[in-house]
2 protein chains.
Amino acid sequence: MINEQMLKLGQEPSSIRELFAYGLERKAQIGEDKVFDFSLGNPSVPAPDAVSRAIGDLALLPPATIHGYTPAQGAPAPRAAIAANLNERFGTSYNLNDLYLTCGAAASLNICLKALVCPGDEVVVVAPFFPEYRVWIEGNGAKLVIVPARESDFQIDVPALAAVLNENTKAVIINTPNNPVGVVYTPQTLRELAGALRDASEKFGHPIYLMSDEPYRELVYGDNVVTWVPSVYQNTIVCYSWSKSLSMPGERIGYILVPPELEGAREVYAAICGAGRALGFVCAPALFQKVIERCVGEPADVDAYVRNRQLLTSMLDELGYEYIEPQGAFYLWVKALEPDAAAFAEMAKSFELLLVPSDSFGVGGWVRLGYCVSDKVITGSYDAFKALRAQYA
Amino acid sequence: MINEQMLKLGQEPSSIRELFAYGLERKAQIGEDKVFDFSLGNPSVPAPDAVSRAIGDLALLPPATIHGYTPAQGAPAPRAAIAANLNERFGTSYNLNDLYLTCGAAASLNICLKALVCPGDEVVVVAPFFPEYRVWIEGNGAKLVIVPARESDFQIDVPALAAVLNENTKAVIINTPNNPVGVVYTPQTLRELAGALRDASEKFGHPIYLMSDEPYRELVYGDNVVTWVPSVYQNTIVCYSWSKSLSMPGERIGYILVPPELEGAREVYAAICGAGRALGFVCAPALFQKVIERCVGEPADVDAYVRNRQLLTSMLDELGYEYIEPQGAFYLWVKALEPDAAAFAEMAKSFELLLVPSDSFGVGGWVRLGYCVSDKVITGSYDAFKALRAQYA
């Protein structure tokens with residue numbers, strides 16, 4: 001009677017969002033400060049003052065100049081500002097016609113997949129991976145191919161990835177800094193990956209696109225450097241969002257960059273326009289296009305996440321948990337204390353700790369903690385983590 | 001190599017948007033005041049002061065309370081405000097769980113189609129119809145079935161529509177007040193349509209959904225009344241947008257209403273959540289959810305469109321053009337002066353008049369004029385319309 005696949009997708013919502021909804025309910029029941037919610041990637045750092053100022057200033061301008069339709073790919077001025085910012089930072093020479101503004105990274109990825117995928121295609125991801133990749137890849141009719149990351153350091157296992165490439169491989173999606181592990185891919189990893197993709201593209205006679213999902217690009221710690229992926233591999237499409245860097249994930253603003261060096265760049269860009277149209281994306285929110293035009297150079301506030309990382313890891317060190325030290329993003333990947341991550345997360349829930357089991361990310365045995373939370377949530381959770389640890393002693 | 005269908009869709013953009021882009025270019029060449037652009041439905045009335053005030057006020061609040069993710073279906077408070085507003089106006093008893101906020105009517109329609117359509121389904125539209133209906137219906141794998149409107153008054157030709165309903169009909173899309181004709185469907189038309197849909201639903205053993213696309217609901221002239229469609233037909237899904245009523249089409253905010261009376265309402269709502277997720281819609285822009293919460297009762301400024309309608313129709317009367325008197329929306333449906341509407345629109349272009357040929361809307365022989373323009377565009381176009389008329393004398 002209705003589309004069963006959509007019904008199923010709607011009735012089995014993402015486990016992250018389900019946990020978040022449970023958390024809201026639970027807080028209402030027992031009090032905000034009694035629930036330690038590490039489920040979501042909702043930035044705890046507020047949007048910078050520059051964003052509020054830009055919004056306030058724009059609200060004073062004649063509304064007819066602010067709220068109208070823009071071209072589907074976005075107004076020219078913000079796209080030019082973004083191109084200029086990228087060029088300044090990465091020594092590139094992009095222009096506004098290489099950019100297509102979207103309603104965030106989810107939209108960017110889904111539009112790209114719709115533009116690229118043909119029946120029978122395969123798209124490769126590195127596990128653990130953001131769970132919605134599966135929804136979007138399979139939803140666009142491609143086969144999801146999962147390659148586990150290297151166990152030692154969660155870098156890409158390039159030989160394993162190279163081994164799954166075949167004549168049906170349309171694209172590989174990478175995410176650096178990585179959600180859920182917090183790893184930043186090294187230049188060497190990316191060079192090796194690029195080499196493997198070039199070899200396979202040549203062998204199979206068509207380009208294998210690298211979709212670089214980069215909402216965490218600006219959230220990187222210490223000496224870690226996020227390589228500009230198109231500088232390493234020609235056929236890279238960048239999917240970006242300001243959700244995390246400017247702390248406005250609800251506002252749905254991001255972009256797709258199709259570098260002019262990409263094989264068939266103009267056709268790919270046109271297909272992206274077609275896919276956006278087919279999906280009912282009319283334009284990215286017009287006010288926030290103008291906010292980005294003004295705030296594109298605004299630095300992300302990484303310090304709060306650095307402090308949270310320190311607070312959380314020293315606490316877990318003391319309590320004897322194992323985890324991967326994050327180099328970027330704001331997630332901590334913690335070893336579950338039993339092989340069944342879902343059972344472990346359920347046990348954690350009984351101590352009011354909301355942790356996302358790793359099964360949603362395509363691997364077993366771990367949980368993800370989003371530490372984009374107030375420091376009170378971290379310090380307040382000490383007893384709960386201690387009790388959880390004792391449960392498995 | 002890439003998806004050919006998307007490439008085609010991207011390379012043959014909507015003729016309306018193409019004309020709009022041509023207009024921008026042409027204005028840059030010969031001057032803003034020399035081009036008479038009636039191509040787009042971009043409201044000329046500015047967003048009300050209440051919208052600017054709401055944005056300005058929200059910009060002063062702590063950003064963390066404004067720009068975060070909301071639940072996928074929208075934050076509870078704006079949904080409750082919308083339900084209360086509908087209940088007050090239409091004597092209904094909706095609540096926030098009947099509403100799913102979207103990035104505008106395009107998203108609303110596309111999400112609904114994705115939620116409902118199964119392989120082999122048919123979706124019926126009344127011609128002339130908004131051209132993107134075809135993209136979304138066919139894009140979701142359904143067959144587009146076109147029923148011409150009644151020639152005399154552009155009301156729905158219910159017997160003709162009833163005749164195309166069959167066991168594969170999943171839904172009918174209507175749009176009242178209508179783009180492109182400006183007609184408002186009478187209560188009698190809607191009652192007859194409801195009767196035909198009820199008969200066919202019974203005959204074929206499954207509900208035929210009525211998708212009511214209502215971005216122009218608030219733009220209605222004089223004594224015309226826009227019937228609340230769910231009050232006439234139980235299985236109605238309302239797709240709404242504030243693009244036109246609050247003059248902010250670039251901000252992408254609208255809703256889907258699944259009335260609780262609808263057969264299988266909870267499953268349909270769940271499938272809508274699933275479809276939104278599959279399409280990469282994360283949530284409607286968070287700031288504008290809050291703007292709507294504050295401005296949902298704000299009246300649309302219809303007066304400017306009433307004046308424009310008067311200005312335009314008296315001018316065309318004087319020059320001897322035939323048209324349909326609009327009862328709502330802000331479009332005038334004018335008889336082309338030759339059978340080939342595209343050729344007529346091309347001829348108009350040579351006088352710097354940008355009119356959309358009716359072929360895009362599924363019928364021949366007419367052009368659409370969007371009179372959501374400054375009055376100067378209308379008065380300034382007099383000589384051009386006169387010269388165009390003379391061309392066909």
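Labels below follow one simple rule: chain letters A, B, ... track the order of the sequence lines, proteins then strands, and each chain is numbered from 1.
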Tell me, for [X] versus chain A, whether the close heavy atoms (under 4.5 Å) come from the side chain, the backbone, both or neither.
X: V117(B); result: backbone
X: F20(B); result: neither
X: Y209(B); result: side chain

*Using a heavy-atom cutoff of under 4.5 Å, enumerate the residues of residues 104-112 of chain A that contact chain B, numbered in order, or state 'none'.*
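Expected list: A106(A), A107(A), N110(A).
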
With chain A as the partner, which of [options] has the greatest number of non-hydrogen pairs under 4.5 Å?
options: G264(B), P119(B), G68(B), S247(B); answer: G68(B)
options: P63(B), G41(B), C273(B), P46(B); answer: P63(B)
options: K114(B), E263(B), K170(B); answer: K114(B)
options: L7(B), D49(B), N42(B), L40(B); answer: N42(B)

*asked:* Counting only non-hydrogen atoms closer than 4.5 Å, does F281(A) touch chain B with its backbone (N, CA, C, O), its side chain (CB onward), both, or neither?
replied: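 For F281(A), the contact with chain B is made by the side chain alone.
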
*Which portion of E132(A) sits near chain B, non-hydrogen atoms under 4.5 angstrom*: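 The side chain, not the backbone.
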
Quick check on the interface: out of [options], who has the most heavy-atom pairs with chain B under 4.5 Å?
options: S243(A), P249(A), A21(A), G280(A); result: P249(A)
options: L61(A), V135(A), L246(A); result: V135(A)
options: A64(A), S52(A), A278(A), C118(A); result: A278(A)
options: G56(A), A275(A), G276(A); result: A275(A)

Are any non-hydrogen side-chain atoms of [X] and [Y] less than 4.5 angstrom apart?
X: V291(A); Y: E251(A); value: no
X: I137(B); Y: E122(B); value: no
X: H67(A); Y: W242(B); value: no
X: L113(B); Y: M211(B); value: yes
X: P215(A); Y: Y240(A); value: no
X: I208(B); Y: H206(B); value: yes

*Partner residues of E138(A) under the salt bridge (Lys or Arg N to Asp or Glu O under 4.0 Å) criterion, sequence neighbours left out*: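 For E138(A) the salt bridge (Lys or Arg N to Asp or Glu O under 4.0 Å) partners, ignoring immediate neighbours, are R134(A).
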
Please tabulate, for the side chains in residues 283-290 of chain A, all donor-acceptor contacts under 3.5 angstrom to protein atoms that are two or more places apart in sequence or on a different chain.
from, atom 1, to, atom 2, distance (Å)
Q289(A), OE1, A75(A), N, 2.7
Q289(A), NE2, T70(A), OG1, 3.1
Q289(A), NE2, A284(A), O, 2.7
K290(A), NZ, I66(A), O, 3.4

Can you tell me how far [atom2] of [Y] sits from [atom1] of [X], rounded to the nearest 0.5 angstrom?
X: S39(B); Y: L24(B); atom1: OG; atom2: CG; answer: 8.0 Å
X: N308(A); Y: S44(A); atom1: CG; atom2: OG; answer: 5.5 Å
X: N3(A); Y: L116(B); atom1: CG; atom2: CG; answer: 8.5 Å

*What residues, two or more places apart in sequence or in another chain, satisfy side-chain contact (heavy atoms from CB on, under 4.5 Å) together with D57(A)?*
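Partners of D57(A) by the side-chain contact (heavy atoms from CB on, under 4.5 Å) criterion, ordered by chain and then number, come out as R294(A).
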
